[in-house]
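Below: one structure, written as structure tokens.
Keep in mind that what you see is a predicted model, and the values were worked out from it rather than measured.
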Amino acid sequence: MNARFRRALIPVALVTAVAALTTGCGRGDDSGSDDFKIAIVTRNFTNPYWAALRDGAKAEAEALGVRVDVQAGQSETDADGENAQISTMAAQGYDCFGVVPVNSTNVITPLTPVARKDIPILNLDTQIDAKASEAAGVSYASFIGSDNLDAGRIAGERMVQALGGSGKVVMLQGIAGEQNGINRDRGFSDAVAGKLEIVQKAPADYEQDKGLQVTEAMLRAHPDITGIFAANDTMGLGAAQAIKNAGKSEQIKVISVDGIQAALDAVRSGDLYGTVTQYPYAEGQLAVQGCLALHQGKTLPSRVVAPIAFIGADNVEQQIEAFPRPIVAFDNPIEGLLDK
């Protein structure tokens with residue numbers, strides 16, 4: 001039952017078959033799956049990335065015969081709204097929580113009553129500050145998310161290739177203090193060091209309109225840039241629009257991170273050079289699997305790494321056809337823990 005094996009997260013049809021086994025074979029009343037309730041809270045559903053995480057969680061919950069409720073704030077920076085959702089759900093009898101924070105500390109206070117009830121908590125996608133959590137008496141059964149340092153590194157290596165080994169680039173950063181963006185920034189910067197010149201970095205809060213506005217200002221300040229790295233796809237799409245408006249689509253390559261549908265379409269049209277896809281749908285599936293495994297008395301690895309892949313002109317059609325599921329195989333250590 002503890003075997004690790006490689007797969008791209010199983011299609012819904014196959015998951016449904018697995019559900020029949022998990023609900024009908026060998027689990028009996030002890031599993032409590034009919035009454036088992038999972039709460040997942042993320043930043044917002046306006047960003048298609050978080051909507052995909054929600055959709056993956058719901059699909060996996062249906063397949064495994066458990067209940068999941070997914071709530072969110074109103075924007076990428078709506079820490080208060082997200083915290084209000086957590087506080088409300090903390091009093092509603094959920095058996096497991098999965099939480100994507102806005103920043104490294106915002107969710108710790110509303111999670112404190114959850115931790116006091118010994119309800120397991122999964123830290124999803126974005127790392128929550130470990131020291132601050134410990135001080136508040138909050139711990140996490142596992143972290144489930146992709147390797148953002150690696151995502152930035154892949155983007156940097158692909159940018160070096162795209163620009164022929166030299167050139168000037170700018171970077172659109174995410175929310176100040178948010179660890180995913182910090183890691184993507186560092187991974188990209190390390191990968192291009194000594195090859196490309198980073199002439200400016202500026203935050204655009206993971207929002208498309210801000211990505212457009214910040215890019216317009218960057219183009220005025222640095223008209224000779226040949227590459228833009230955006231720490232997420234929505235900012236990348238804003239940057240691509242600004243480039244198109246300036247008539248510089250042939251001059252500047254844009255690489256972003258996330259792999260949302262609109263970004264894949266932009267890669268296919270040539271507006272984006274590429275996106276490092278992080279498969280939030282898979283993260284949602286893994287969160288539900290993780291909660292169910294905990295409910296069955298299993299111990300999760302401290303970190304579960306979700307898949308990533310670079311999507312460019314050569315494989316974008318394959319990814320569009322498979323969307324939102326991965327086109328790359330990866331080790332899923334949770335699936336082998338589940339009772340069959």
Side-chain angles (χ1 to χ4, degrees), residues 76 126 146-260 263-264 266-267 269-278 308-316:
E76 287 285 342
T126 306
S146 54
D147 186 334
N148 286 282
L149 190 66
D150 199 36
R153 178 191 61 78
I154 291 169
E157 290 173 351
R158 293 291 182 149
M159 185 68 79
V160 171
Q161 293 175 11
L163 302 187
S166 65
K168 296 181 179 180
V169 298
V170 296
M171 299 173 63
L172 294 177
Q173 300 168 308
I175 301 166
E178 190 260 355
Q179 194 62 47
N180 285 357
I182 292 170
N183 288 347
R184 293 171 193 176
D185 183 318
R186 188 172 68 200
F188 181 88
S189 298
D190 288 348
V192 304
K195 304 172 183 112
L196 307 180
E197 180 184 357
I198 300 172
V199 296
Q200 187 177 354
K201 300 180 181 182
D205 295 340
Y206 293 136
E207 296 179 4
Q208 188 162 339
D209 288 345
K210 288 186 179 180
L212 185 150
Q213 295 162 9
V214 172
T215 301
E216 288 176 337
M218 286 176 160
L219 292 176
R220 289 192 293 271
H222 307 284
D224 58 344
I225 63 169
T226 53
I228 295 178
F229 171 61
N232 85 334
D233 283 341
T234 50
M235 293 190 300
L237 292 169
Q241 186 60 54
I243 292 167
K244 187 178 291 186
N245 294 346
K248 294 189 173 185
S249 297
E250 297 299 319
Q251 172 187 326
I252 303 172
K253 303 287 194 303
V254 181
I255 295 176
S256 54
V257 178
D258 280 348
I260 64 174
L264 298 178
V267 172
S269 70
D271 290 338
L272 290 180
Y273 181 80
T275 176
V276 181
T277 303
Q278 294 202 295
I308 59 175
F310 182 80
I311 306 300
D314 60 336
N315 61 355
V316 67

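- Here the closest heavy-atom approach between residue A313 and residue V267 is recorded as N-CG1, 4.0 Å.
- Sorted by first and then second residue, the ring pair (Phe, Tyr, Trp, His ring centres under 6.0 Å) pairs involving residues 165-200 (not counting sequence neighbours) are F188-F229.
- Taking each heavy atom of G174 and P203 in turn, the nearest pair found is O-CB, 3.5 Å.
- Sorted by first then second residue, the ring pair (Phe, Tyr, Trp, His ring centres under 6.0 Å) pairs that include residues 231-259, not counting sequence neighbours, number zero.
- Here L149 contributes atom CG and D190 contributes atom CG; the two are 7.0 Å apart, rounded to the nearest 0.5 Å.
- Residue pairs meeting the side chain to side chain donor-acceptor pair (under 3.5 Å) criterion with at least one member in residues 198-211, sequence neighbours excluded, are E178-Y206, D185-K201, S189-K201, Q200-H222, D205-K210.
- With sequence neighbours excluded, the residues that form a salt bridge (Lys or Arg N to Asp or Glu O under 4.0 Å) with K168 are D224.
- When the salt bridge (Lys or Arg N to Asp or Glu O under 4.0 Å) test is applied to E76, the partners found at least two apart in sequence or on another chain are R43.
- Considering all non-hydrogen atoms of both residues, I308 and A151 come closest at CD1-N, 3.9 Å.
- Using a 4.5 Å heavy-atom cutoff, the side chains of L163 and K195 are not in contact.
- Among residue pairs with one or both ends in residues 244-253, those qualifying as salt bridge (charged side-chain N to carboxylate O under 4.0 Å, His left out) are K244-D271; sequence neighbours excluded.
- Residues V276 and F310 form a side-chain contact, since some pair of their non-hydrogen atoms from C-beta on lies under 4.5 Å apart.
- Judged purely by distance below 3.5 Å, without hydrogens or angles, the side chains of Q278 and N148 pair a donor atom with an acceptor atom.
- Side chains of D147 and R153 form no contact here, defined as non-hydrogen atoms less than 4.5 Å apart.
- Annotation: side chain of E157 is not in contact with side chain of V160 (no heavy-atom distance under 4.5 Å).
- Here the straight-line distance linking atom CD1 of I228 with atom CE of M159 works out to 8.0 Å at 0.5 Å rounding.
- T215 is not listed as a side-chain neighbour of V254, based on a closest heavy-atom distance of 4.5 Å or more.
- Scanning all heavy atoms of the two residues, the minimum distance from L219 to A242 falls at CD1-O, 3.9 Å.
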